[in-house]
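By convention in this document, chain letters (A, B, ...) are assigned in the order of the sequence lines, proteins followed by strands, and residues within each chain are numbered from 1.
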Amino acid sequence: MEKITAVKGIKDVLPGDSPVWHRLELAARRVFECFGFCEIRVPIMEKTSLFQRSIGEATDIVEKEMYTFRDRDDELLTLRPEATASVIRAYIEHNLSASDPVTRLYTMGPMFRRERPQKGRFRQFHQIDAELFGDDSPAADAEVIFMLMHFLQTLGIGKLSLEINSLGCKACRPVFSGAVVDYLKGRESSLCPDCQRRIHTNPLRVFDCKVESCGEVIDGAPRILDFLCADCSEHFSRVKSYLSDLNLPYEINPRMVRGLDYYTRTAFEVKSGGLGAQNSLAGGGRYDGLVQFLGGPDIAGIGFGIGMERLIACLPPDDRNPYAAEIFIAALGERAQKIAFTLTQELRRRGICAAMDYSGKSLKSQMKRADKLHSAYTLIFGDREIEENCAELRDMNTKNQQRLPLDQLLEAVTDILKREVKVL
RNA sequence: GUGGGUGUAGCUCAGCUGGUUAGAGUGCCGGGUUGUGGCCCCGGAGGUCGAGGGUUCGAACCCCUUCACUCACCCCA
């Protein structure tokens, strides 16, 4: 029989890995909520047209990476390749701008892109995503960037580099694009085949090329920063000024262009060493026209996405046991086991992590089991104790054992454990 | 989509120029006091050597095909 495995590029998070994920998710919630962000949970699939319009028809994501299928009623649906589009859709659909002119939202979950998997790149991957709507001031840009950096620092990730750029707006970007195309066309023969193609499809992408010969051409190319209009230029310098006020080191990367069409003005990216070729941990930027473009009011927006798998790859390994029992009940013989069974469930009902083994193994193997579960206490009793109406409670660290009255086990154990829990 | 690398026990890997019942560590199960864990010792279970074909007296090892995983390009989180 053919073995059924997980789909290529889609991974399980096994019990040993889940503590890191929990830590990450909790840390994100704590930090983001300090900055006034509320969670929004958006669906994992949307109408295909949402992504086509927001991300851009000519992007790689839309052209060849989306998981798109026809629903039974012929509607085209797509597994989301990123979160921003869905958040904006929900923001518009539920008219969230009406209840608060400035809205801060975050969300996290799986995204899907059909790429060839490699280190740090999967077909189902997870992002933490934050979006700020309704504020086009440079302070909003700086706040969002600061929150991102603060979050990453909270997790103890070293060797972070923050790169920023301004991509201009509707007014100045086309002028720049035109200049770039003119420049590149004159030097087409010095470019790699990919870049020659890009001149016509997405000229700004040439800036991302890593081929050496292209690099030389790019070095001499027009720079977006020289083409910014007065407003964009003013905006960018104020963002930089805010970042400096926060003592946040950054580098200006005039070659940075983000892969999604909707970005305007501030764009940023956080990289980290030790991630292999996919060294981009997080990226984001401003998208002032997008809400309106998707049918909503003319509201500014800025946000970022963090790759959770990549983040975890930067984190020190977490060896904590995914489960630690507070008490293990080791019962010997049928009578004891019957009592132990109810006791275990009762303890659990009281919020105590109790564990036992139902298979009637030897005390030795039950003790081993208790040890493996890192249980703080083990309650031991068999026929002998039942005759004497008691049970032995062993402290696994000190090896001290005390007798507890069998007919008040639940109360006695709860009492002792609650006291311990409080100390912790 | 295009290249390179790797597929042997649940996991990490040995396996010399092809040679007989394919190994280790770890994990799992059991034993070493009759009812007491971690350390140590002993034993056990577990593998159609990714799959298919070929060469050969004989293939985990050589050849071909295929699949999977992985890294890189591309692109991005």
Rounded to whole Å, CD1 of Ile380(A) lies from P of U36(B) at a distance of 9 Å
Determine the interatomic distance between P on G1(B) and the same-named atom on C62(B); round to the nearest Å.
29 Å
How close or far is atom C1' of A77(B) from atom CG of Leu148(A), stated in whole angstroms?
11 Å
Using both distances under 3.5 Å as the test, list the Watson-Crick or G-U wobble partner of U6(B), or none.
A68(B)
Integer-rounded Å distance: A68(B) P and Ile4(A) CD1:
15 Å
Within the distance-only criterion (no hydrogens, no angle test), does the side chain of Arg80(A) pair as donor or acceptor with the backbone N or O of Pro110(A) below 3.5 angstrom?
yes
Considering only atom P, compute the distance from G10(B) to C74(B) and round it to an integer number of Å.
38 Å
Do Glu115(A) and A77(B) share a donor-acceptor pair, side chain to base, under 3.5 Å?
yes
Ion pair present between Arg403(A) and Glu392(A), side-chain N to carboxylate O less than 4.0 angstrom?
yes
Considering only heavy side-chain atoms of Lys361(A), the closest of A77(B), G30(B), C71(B) is G30(B)
At under 4.0 Å between heavy atoms, what does Leu332(A) touch on the DNA or RNA strands: base, sugar-phosphate, or nothing?
base
In whole Å, what is the span from the CZ atom of Arg123(A) to the C1' atom of C69(B)?
13 Å
Pick base, sugar-phosphate or nothing for Glu385(A), based on heavy-atom distances below 4.0 Å to the nucleic acid.
base
From the list A72(B), A77(B), G38(B), which nucleotide is the closest neighbour of the side chain of Asp371(A)?
G38(B)
Charged N to carboxylate O under 4.0 angstrom, Arg104(A) versus Glu143(A)?
yes
Is there a donor and acceptor pair closer than 3.5 Å between the side chain of Glu65(A) and the base of G1(B)?
no
Using Watson-Crick or G-U wobble geometry with both distances below 3.5 Å, tell me the partner of C61(B), or none.
none
Suppose you measure atom P in A59(B) against the same atom in C49(B); what distance do you get, rounded to whole Å?
12 Å
As a test of reading the structure: which of G35(B), C73(B), G37(B) is closest to the side chain of Gln278(A), going by heavy atoms?
C73(B)
Considering only the P atoms, how many Å lie between G38(B) and G31(B), rounded to the nearest integer?
13 Å
Taking the side chain of Lys119(A) as its heavy atoms from C-beta onward, which of G38(B), A77(B), A72(B) lies nearest to it?
A72(B)
For Ser362(A) and Val270(A), take the nucleotide of RNA chain B holding the closest heavy atom to each; which residue's nucleotide lies nearer the 5' end?
Ser362(A)
Which listed nucleotide (G35(B), U36(B), C74(B)) is nearest to the side chain of Arg384(A)?
G35(B)
Give none if G37(B) has no partner; otherwise give the nucleotide forming a Watson-Crick or G-U wobble pair with it, both distances under 3.5 Å.
none
Using the P atom as the reference point in each nucleotide, state the distance between C73(B) and G54(B) in Å, no decimals.
40 Å
Glu131(A) side chain to Tyr287(A) side chain, donor-acceptor N/O pair below 3.5 angstrom
yes
Nearest-nucleotide check on RNA chain B, Gln127(A) vs Lys8(A); residue mapping nearer the 5' end is Lys8(A)
Distance check: side-chain N/O of Gln118(A) vs OP1/OP2 of A72(B), anything under 4.0 Å?
yes
Would you mind telling me which of A77(B), G30(B), G32(B) lies closest to the side-chain atoms of Ser365(A)?
G30(B)
Of the nucleotides U2(B), G35(B), C73(B), which one has an atom closest to the side chain of Arg116(A)?
U2(B)
Between C63(B) and U20(B), how far apart are the two C1' atoms, rounded to whole Å?
24 Å
Which class fits the ring pair Phe32(A) and Phe37(A): parallel under 30°, tilted 30 to 60°, perpendicular over 60°?
tilted
Out of A77(B), C28(B), G37(B), which nucleotide sits closest to the side chain of Arg394(A)?
G37(B)
Testing Asp136(A), Asp135(A), Asp141(A) one by one against Arg286(A) for a salt bridge (Lys or Arg N to Asp or Glu O under 4.0 Å), which residue passes?
Asp141(A)
Please report the distance, rounded to the nearest Å, between CZ in Phe328(A) and C1' in U36(B).
12 Å
Nucleotide forming a Watson-Crick or wobble pair with U17(B), both distances under 3.5 Å:
none
With rounding to the closest Å, how many angstrom separate the P atoms on G18(B) and A60(B)?
13 Å
Nearest to the side chain of Lys368(A), heavy atoms from C-beta on, is which of G38(B), A77(B), U36(B)?
G38(B)
For the pair Glu33(A) and Arg29(A), find out whether any cationic side-chain nitrogen is under 4.0 Å from an anionic carboxylate oxygen.
no
Write down the partner of U12(B) under the Watson-Crick or G-U wobble criteria, each distance required to be under 3.5 Å.
A24(B)
If you measure from the P atom in C42(B) to the same atom in G47(B), how many Å do you get, rounded?
24 Å
A77(B) P sits how many Å from Leu311(A) CG, rounded?
15 Å
How are the rings of Phe268(A) and Phe304(A) set relative to one another: parallel (under 30°), tilted (30 to 60°) or perpendicular (over 60°)?
perpendicular
Side-chain-base donor-acceptor pair under 3.5 Å for Arg121(A) and C71(B)
no
Touch class at under 4.0 angstrom, heavy-atom based, for Ala370(A) against every strand present
nothing
Candidates U36(B), A77(B), G27(B) - which lies nearest the side chain of Glu392(A):
U36(B)
